[in-house]
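Excluded from the calculations below are hydrogen atoms, water molecules and symmetry mates; all remaining heavy atoms, backbone and side chain alike, are included. For clarity, every value in this text was computed on a predicted model and none was experimentally measured. Every chain is numbered from 1 and lettered A, B, ... according to where its sequence line falls, protein lines coming before strand lines.
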Amino acid sequence: MVKILPQSFYSRPTLSVARELLGSRLVRILDGVRLAGIITEAEAYVGQDDLGCHAKAGRTKRNAVMFGPPGYAYVYFTYGQHWMLNAVTENEGFPAAVLIRAIDPVEGADVISLRRHGRDTIGPAKLTMALGINGGLNGAGLFGPGSGIWIEEGFAVSAGDIITSPRVGLYTVPEPWKSMPWRFQILRR
DNA sequence: AGCACGATGCTCT
DNA sequence: GAGCATCGTGCTT
């Protein structure tokens, strides 16, 4: 029996949510077809004090969803071509989110492979390409089946199987934020 | 297998 | 006008 992660799952410390999203199942209904992948990598972005977080300079049109209630998708466009998927965390008014950085396809792998031209789904923009995620999903609720995207309970990943490291791509972010070990990955054996 | 680089356009200053 | 939570290619080992 399948359980969609409830809004209360996201209404918690972002680091906990990021760790626990590993092993869970990201589901996307695309053209009526169910696609899904196990989340294998995620990063935490934690509030206005975190100078790596988009919310550092306050609320803007782009990051507004992060300031809202938890459990919603924050989808933004970057590098002129890529969409990034985040899950908003913590309480309304505290801007924080988890960036989903990689999935391991488990349903609709044929469709996913076509969409990726046979290439992998390890990378934040790669998985949005694979699942057809774009700005139209910014603000979509992740805790119910209504929006065509949600996250289901998966399997628990033991602490020993989680790799922690600094977040990727924060070239101009000052320390200590640049080096905070807020990237979580499932160890590949 | 790894590194360097160009692409490309939106957002915020 | 600068910068960007990246990707794919092409070149080097």
Side-chain angles (χ1 to χ4, degrees), chain A residues 10 13-22 24 26 28 35 37 39-68 70-90 94-105 111-140 142 149 151 162-189:
Chain A
Y10 301 95
T14 307
L15 296 185
S16 302
V17 175
R19 272 189 294 258
E20 293 171 36
L21 278 176
L22 298 181
S24 63
L26 175 62
R28 167 78 169 132
L35 309 177
I39 296 172
T40 59
E41 180 179 342
E43 283 176 358
Y45 290 86
V46 192
Q48 299 198 52
D49 292 340
D50 173 8
L51 297 185
C53 181
H54 285 169
K56 64 176 182 287
R59 185 185 182 123
T60 66
K61 187 170 184 181
R62 177 172 73 158
N63 68 24
V65 175
M66 265 203 294
F67 285 78
Y72 288 85
Y74 167 42
V75 182
Y76 69 89
F77 188 71
T78 191
Y79 288 110
Q81 41 206 348
H82 301 306
W83 294 101
M84 305 281 149
L85 171 66
N86 298 254
V88 174
T89 59
E90 316 246 4
F94 185 90
V98 173
L99 172 68
I100 310 299
R101 290 190 55 89
I103 59 168
D104 192 3
V111 174
I112 288 174
S113 181
L114 278 172
R115 294 188 58 85
R116 288 289 302 132
H117 306 288
R119 295 186 278 266
D120 68 76
T121 55
I122 302 169
K126 296 181 185 178
L127 74 91
T128 58
M129 289 181 229
L131 301 182
I133 293 165
N134 58 36
L137 288 172
N138 190 37
L142 297 171
I149 183 170
I151 303 177
I162 296 178
I163 301 173
T164 303
S165 59
R167 296 171 293 180
V168 176
L170 306 187
Y171 305 107
T172 65
V173 172
E175 298 291 0
W177 311 107
K178 182 175 183 171
S179 298
M180 294 305 261
W182 290 351
R183 178 194 194 192
F184 303 96
Q185 296 174 91
I186 298 180
L187 175 61
R188 292 175 175 276
R189 296 183 188 274

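When every heavy atom of A:Ser24 is checked against every heavy atom of A:Ile151, the shortest pair comes out as OG-CG2, 3.5 Å.
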Using distance only, find each side-chain donor-acceptor pair of residues 75-88 of chain A under 3.5 Å and give its atom names and separation, not counting sequence neighbours.
from, atom 1, to, atom 2, distance (Å)
A:Gln81, NE2, A:Tyr79, O, 3.4
A:Asn86, ND2, A:Tyr74, O, 3.1

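Taking the salt bridge (Lys or Arg N to Asp or Glu O under 4.0 Å) definition, one finds that A:Glu90 meets it with nothing, sequence neighbours left out.
Following rounding to the nearest Å, A:Asn134 (CG) and B:dG9 (P) show an atom-to-atom distance of 16 Å.
Here CH2 of A:Trp182 is found 6.0 Å from CG of A:Leu15. Values are rounded to the nearest 0.5 Å.
Sorted by first then second residue, the side-chain hydrogen bond (donor to acceptor under 3.5 Å, both in side chains) pairs that include residues 165-176 of chain A, not counting sequence neighbours, are A:Asp50-A:Arg167, A:Glu175-A:Ser179.
A 4.5 Å side-chain heavy-atom check between A:Leu137 and A:Arg28 finds at least one atom pair inside the cut-off. Within the 4.5 Å cutoff, the side chain of A:Val65 has heavy atoms near those of the A:Asn138 side chain. The shortest distance between side-chain heavy atoms of A:Lys126 and A:Asp120 falls below 4.5 Å. Side chains of A:Arg101 and A:Ile122 form no contact here, defined as non-hydrogen atoms less than 4.5 Å apart.
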Given the rule that a pair is Watson-Crick or G-U wobble with both distances under 3.5 Å, how would you write DNA chain B in dot-bracket, using | for pairs to a different strand? |||||||.||||.
Which letters describe nucleotides 4-9 of chain C, given B = protein heavy atom under 4.0 Å from base, S = only from sugar-phosphate, - = neither? BBBSSS
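Under a 3.5 Å cut-off, the side chain of A:Glu43 and the backbone N or O of A:Val168 do form a donor-acceptor pair.
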Would you tabulate the nitrogen or oxygen pairs shorter than 3.5 Å linking the protein to nucleotides 2-5 of chain B?
none

